[in-house]
Number of protein chains: 2
Amino acid sequence: MADRADGGPASLRAVHRIRPAYEQVADQIRALIVEGDLTPGDRLPSEGEVASAFGVSRGTVREAIRILTAANLLYSVRGAHGGTFVTRTDPSVLRDHLETGLGILSGTDAISLDELLDTRMLLEVPAARLAAQRRTDEQLVALREAVEAAPPDADVRYQHHRRFHTELLEASGNRLLQLVTAPVFGVIRSRFVIPPSRRKIWGEIEADHEEILGLVEAGDGDGAAEAMRRHLVRLNAFYQSMGPRPQAPARRGPIFPVR
Amino acid sequence: MADRADGGPASLRAVHRIRPAYEQVADQIRALIVEGDLTPGDRLPSEGEVASAFGVSRGTVREAIRILTAANLLYSVRGAHGGTFVTRTDPSVLRDHLETGLGILSGTDAISLDELLDTRMLLEVPAARLAAQRRTDEQLVALREAVEAAPPDADVRYQHHRRFHTELLEASGNRLLQLVTAPVFGVIRSRFVIPPSRRKIWGEIEADHEEILGLVEAGDGDGAAEAMRRHLVRLNAFYQSMGPRPQAPARRGPIFPVR
DNA sequence: GGTTATTTGTACGTATGTATC
DNA sequence: TGATACATACGTACAAATAAC
């Protein structure tokens, strides 16, 4: 037989790896959700019933449920009238996943700082334009609060910076834009911390925010976009000059100490 | 005591819900990965050892591992020299996760078709500009192949459509832009299928691609961006006119038959 | 090439939390 | 207020797979 080189005998060429039971169970339940046979709010039978329907043990079903819970498709409530339910999907979980994923990628050079900064600019500049055009009065109030709440000097200062940008994305009226941009913002933040002591930079940031807010209030889309562009150029130059955030010291002792 | 209305007695106001052991274990291991204490390729101790390090049972550790496996942070290999390993992260996996997540959101009205189309335009128009400015010769060859490979009439026609857009994003030189845009593209595609029989539309699409490619070849960034904008306006108008993709028929019989 | 040690996969029993009566 | 029923959470024992000897 000379067929080993290409992966095995012809009769076995098309087979696929054995997949663990918990994966197969997760796949089937996922398909039920995606196809619409199970809809948000639906309750699954108890773990024991699901287990006997699939012909596996409860532990296997539980692992499948964990997989789908991690993907935010299910959640579990313990107790008498608890159970496992199909999630009413919420973008925030996807946003968090994206942020951790991007964080890891940026740590492995699969994504560079330049790409993060460029992409942020690509997204936030049009977001500012949209916000000026579409913001509601409530969103305007929230933006003004974010700008004015900035305390003169404290390490919550960053919180207000982020809040301004988040509210602006919200005001753009495009939830997808917010979902994508927030993680990019978050990853950049995790790599660079502007110390509260840098009063000059913080003063410039807050003046920029004030200016953008004014243009958004006035409904000047092009003006808001241009002001945002200048704001980000300023920030980027600062980030580039700062160098990376200092790394945490190496861990001492074993990661998984035996007990 | 009159403190029940605001969530409980003052001394317990700051407490948080008990979190299941498997979640706490997953959180700690996730933190080790994100902080860099565990790096891609690292092997965790055996499930039994991890269990005793945390003081829980193996089942609990396994559920935690399933959570992190679903987030593509870990994978398991069974057998004597198997084990659980930290994943070497690859952007394509994150891209796939984003696409399924967006697909589900768009099915539940958490993301509208308009938001998908708007965001795509926001991303692909600058991507076309960047591609014209930065494309390498190899990328130009790939783009030309994608345009010219289009067969006159077949249901692989869509594949070439997608390939052109993917290659263009690649040519923009920003991997993050590609990572974010590809899922948006994919979700739109999953909601709308242009039948190969619509020769007029397909002809227009392919003529647009030809035009964009010419401008990218010429290094005309503004021209390429404008051509892409017109291309997407055309596509969007068509999508809007098509209405949603037909749903599969309802399932008959019980979803979880008892055995 | 079989034996064996080590690892993940699976089954099942017990503990614990929670709404209802 | 306590008893109870039923759900998930957790723990233990065994089976199966895999690579080295």
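Everything quoted here is computed from the prediction, not taken from an experiment.
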Are there any protein N/O atoms within less than 3.5 Å of an N/O atom in nucleotides 10-14 of chain C, and if so, which ones and at what distance?
unit_1 : atom_1 : unit_2  : atom_2 : d
C/dT10 : OP1    : A/Ala21 : N      : 2.8
C/dT10 : OP2    : A/Ala21 : N      : 3.4
C/dA11 : OP2    : A/Ser57 : N      : 2.5
C/dA11 : OP2    : A/Ser57 : OG     : 3.3
C/dA11 : OP2    : A/Thr60 : OG1    : 3.3

Tell me, which pairs form a salt bridge (charged side-chain N to carboxylate O under 4.0 Å, His left out) where one or both residues lie in [range], sequence neighbours left out?
| range | result |
| --- | --- |
| residues 99-112 of chain B | B/Glu99-B/Arg162 |
| residues 42-54 of chain B | B/Glu47-B/Arg58, B/Glu47-B/Arg62 |
| residues 165-181 of chain A | A/Arg175-B/Glu115 |

Subject >> Integer-rounded Å distance: C/dG9 P and A/Arg66 CZ >> reply: 16 Å
Subject >> Separation of atom CZ in A/Phe85 from atom P in C/dT18, rounded to whole Å >> reply: 14 Å
Subject >> Partners passing ring pair (Phe, Tyr, Trp, His ring centres under 6.0 Å) against A/Phe164 (at least two apart in sequence or in another chain) >> reply: A/His209
**OP:** With sequence neighbours excluded, tell me which residues meet ring pair (Phe, Tyr, Trp, His ring centres under 6.0 Å) with A/Phe185.
**Re:** A/His161, A/His165
**OP:** Examine distances only and state if a side-chain atom of B/Arg191 and a backbone atom of B/Ser106 form a donor-acceptor pair shorter than 3.5 Å.
**Re:** yes
Original post:
Judged by atom type as modelled, is there a donor-acceptor pair below 3.5 Å linking the side chain of B/Thr100 to the main-chain atoms of B/His97?
Top reply: yes
**OP:** Evaluate the side-chain proximity of B/Thr84 to B/Val50: yes if any heavy-atom separation is below 4.5 Å, no if none is.
**Re:** no
Subject >> All pairs passing ring pair (Phe, Tyr, Trp, His ring centres under 6.0 Å) where residues 66-88 of chain A contributes a residue, at least two apart >> reply: A/Tyr75-A/Phe85
Original post:
In Å, rounded to the nearest 0.5 Å, how long is the span from CG of A/Leu73 to CD1 of B/Ile104?
Top reply: 4.5 Å
Original post:
What pairs with A/Thr181 under side-chain hydrogen bond (donor to acceptor under 3.5 Å, both in side chains), at least two apart in sequence or on another chain?
Top reply: none
Check the interface with nucleotides 19-21 of chain D: list each N/O to N/O pair with the protein under 3.5 Å, or write none.
none

Original post:
Side chains of A/Arg134 and A/Ser172: is there a donor and an acceptor less than 3.5 Å apart?
Top reply: no
Subject >> All salt bridge (charged side-chain N to carboxylate O under 4.0 Å, His left out) counterparts of B/Arg30, not counting sequence neighbours >> reply: B/Asp27
**OP:** Check whether any side-chain N or O of B/Ser76 sits under 4.0 Å from OP1 or OP2 of C/dT7, and answer yes or no.
**Re:** no
Subject >> Terminal axes of the helix from C/dG2-D/dC21 to C/dC21-D/dG2 (five pairs each): angle between them, nearest 10 degrees >> reply: 0°
**OP:** With a 4.0 Å heavy-atom cut-off, tell me which residues in residues 40-48 of chain A come close to DNA chain C, sorted by residue number.
**Re:** none
